[in-house]
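The model shown is predicted, which means the values in this text are computed figures rather than measured ones. Note on naming: letters A, B, ... go to the chains in the order of the sequence lines (proteins, then strands), and numbering restarts at 1 for each one.
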Number of protein chains: 2
Amino acid sequence: MNTQELNKVNLNPHVSVDCVILGYDSNELKVLLIERKYSEENENGQAHNPKLDIALPGNLVRDDEDLDTSAKRILKELTGIDNIYMEQFRAFGNPNRVRKEQDAEWLKTMRTDPQARVITIAYFALVKLEDYVPRADSFARRSEWYPIKKVPKLAFDHNEILEQALQVLKFKVTHYPLGFELLPEKFSLGQLQRLYESILGDDLDKRNFRRKMKSLKLLIPLKEKQQGVAHKPAELYMFNMKVYEQLQGGILK
Amino acid sequence: MNTQELNKVNLNPHVSVDCVILGYDSNELKVLLIERKYSEENENGQAHNPKLDIALPGNLVRDDEDLDTSAKRILKELTGIDNIYMEQFRAFGNPNRVRKEQDAEWLKTMRTDPQARVITIAYFALVKLEDYVPRADSFARRSEWYPIKKVPKLAFDHNEILEQALQVLKFKVTHYPLGFELLPEKFSLGQLQRLYESILGDDLDKRNFRRKMKSLKLLIPLKEKQQGVAHKPAELYMFNMKVYEQLQGGILK
DNA sequence: ACAAAAGTGTTTAATATACACCCATGT
DNA sequence: ACATGGGTGTATATTAAACACTTTTGT
């Protein structure tokens, strides 16, 4: 029995997991979406009526796995992203989650029980975008980072799930110093501030922001500056993992 | 088709809801649990080997209902409690949720598909304990308020669910003024403080606590005092719903 | 008179907010 | 020389924390 057969046998037809993976680049928040191309075949085995569906990475859970494990497996299978910390944030169980005709069609081609009512458990994670350049693994589908502001209509209730994930992020970022999760290893205070501003949708006072961040003792100043910028080059910092973990954990395990 | 038959037809075998209903009385937190008495019958139709199971109120969801609706329905059916605001707080999906032999036995007597792997969506709510005196409705099972510190071993992973609900409460109560939900209509500042102390597991400064509470403008002082207490009688207060709702909503809808 | 909880203010420390100018670099 | 974002300090207001004695009632 290969992996795919095993999956079919063990998949729970009523419970799925969807992953909201957020990254940050070029001063904007992005979300990782998968593009599901599929086409129905006619009696001659030829593809016709090709469709493109854009969705959060997600799938049915297996009956023998924990929800957290399932989320990790599914993300890996669909995008190649491995070994990141994800956090469950909400179950979505509207019986009308499958509203669009296109969703129903897709289910018919992909699921053994396309009529089943599915509850989905939504996960979210913050990643350094640079670490996860979309690539077409043998198993992975085509995945792509979409700027939050340019996210199109998604499958099922995925727009709503994304919306709520952003609310969660907004909340968390004001209570825990999570910004670091989204930035490259070396970053400037300006970058950090712009990140916060784009998450919170609000301007922050530069001097107060810097004082606050420095008071947290989470920044390690590097003796290094930006290169080749048309203004005074910024000092670069690293993030002090040890202090962060001692604080309370937050999103990191 | 009566209600019970309808239920059987429509129940989703893989998704359940469990409710953590918290109350406060005699200076301690309490949780509403149901006692499931059941017995296997032998070939003569006689009951033998009677069992008592204590659990959170919960059951499978119906395929045609929203999770929130399901939680409300199930709570009503099991305890008679109606029309309270409940909030989803987490999905529990450990494949080993059914560990104890007793749980497996119970499932056999109650479920059409006792082997199914079930994910449960946990809800929690705060209620004025005085409003919900357990009573044996025609449909309701025997339910009882248990002091948090005296909760016995519960069915499935219900002890873990309860534990997490208490963490959620602890968090929420430090961010939103929810204490009121748990007190009778008229209460003293001393009662309110003791409530907070028992939730947070920590002593609070009396003068600072009172100043804080008064600054929130959520208390309406009544021209009324405690009666028949062997000390200076406390002023009684009511809770100002309007101001609270304007604040942010919190747990109230 | 005593026990028991209610009620009350002030001082100090910590934290948050508002605000404006000079600096280093590339073009 | 100018445009661009980097970098810095101080004064004021708000909020949090620490702390002890008097009052009212029932027994």
Worksheet, complete the sentence: Outer limits of DNA chain C sitting under 4.0 Å from a non-hydrogen atom of chain B, read 5' to 3', are C:dA3 to C:dT10
Worksheet item: Rounded to the Å, how far apart are A:Q193 CD and D:dG5 P?
Response: 13 Å
Discussion item. I need the NE2-P distance between B:H231 and D:dT27, as an integer number of Å.
Written reply: 11 Å
Discussion item. Quiz question: by atom type and distance under 3.5 Å, do the side chains of B:N208 and B:R211 form a donor-acceptor pair?
Written reply: yes
Fill in: NZ/NE/NH1/NH2 to OD/OE distance under 4.0 Å, A:K172 and A:E181
no
Discussion item. Please confirm whether the shortest side-chain N or O distance from A:K214 to OP1 or OP2 of D:dG7 is below 4.0 Å.
Written reply: no
Discussion item. Between C1' on D:dA11 and CG on A:D205, what's the gap in Å once rounded to a whole number?
Written reply: 14 Å
Practice prompt. Determine: side-chain N/O of B:R207 to OP1/OP2 of D:dC19, distance under 4.0 Å, yes or no.
Written response: no
Discussion item. The criterion is ring pair (Phe, Tyr, Trp, His ring centres under 6.0 Å); which residues satisfy it with A:Y196, sequence neighbours excluded?
Written reply: A:F209
Item to complete: May I ask you to say whether B:K149 pairs ionically with B:E28, meaning some side-chain N is under 4.0 Å from a carboxylate O?
Response: no
Fill in: Length of the line joining A:K225:NZ and D:dG7:C1', which is rounded to integer Å
10 Å
Worksheet entry | Nearest-Å distance for atom pair CD/P, residues A:Q227 and D:dT4 | 22 Å
Discussion item. Counting Watson-Crick and G-U wobble pairs with both distances under 3.5 Å, what is the dot-bracket string for DNA chain D, 5' to 3', using [ ] for crossing pairs and | for pairs to another strand?
Written reply: |||||||||||||||||||||||||||
Item to complete: Return the 5'-most residue of the pair A:R210, A:A230 with respect to DNA chain D, ranking by each residue's nearest nucleotide.
Response: A:A230
Worksheet item: Atom CG of B:L189 and atom P of D:dT23: how far apart are they, to the nearest Å?
Response: 20 Å
Worksheet, complete the sentence: Comparing A:K206 with A:P233, nearest DNA chain C nucleotide closer to 5' gives the residue A:K206
Worksheet item: Between D:dG7, D:dG9, D:dA16, which nucleotide gets closest to the side-chain atoms of B:K212?
Response: D:dA16
Discussion item. Distance alone, cut at 3.5 Å: any donor-acceptor contact between the side chains of B:Y146 and B:E144?
Written reply: no
Practice prompt. State, to 0.1 Å, how close B:E185 and B:E130 come at their nearest heavy-atom pair, and which atoms those are.
Written response: N-OE2, 3.7 Å
Item to complete: Grab the CD-C1' distance between B:Q226 and D:dT23 for me, whole Å please.
Response: 14 Å
Worksheet item: Do B:L162 and B:L33 have side chains that get closer than 4.5 Å, going by heavy atoms?
Response: no
Worksheet item: What are the two closest non-hydrogen atoms of A:G23 and A:L182, and how far apart are they?
Response: CA-CD2, 3.7 Å
Discussion item. The side chain of A:R194 is closest to which nucleotide in this list: D:dT10, D:dG5, D:dG7?
Written reply: D:dG5
Discussion item. Tell me the interatomic distance from A:E235, atom CD, to D:dG5, atom P, rounded to whole angstroms.
Written reply: 18 Å
Worksheet item: If you look at every heavy atom in B:I119 and B:G93, which pair is closest and at what distance?
Response: CG1-CA, 3.9 Å
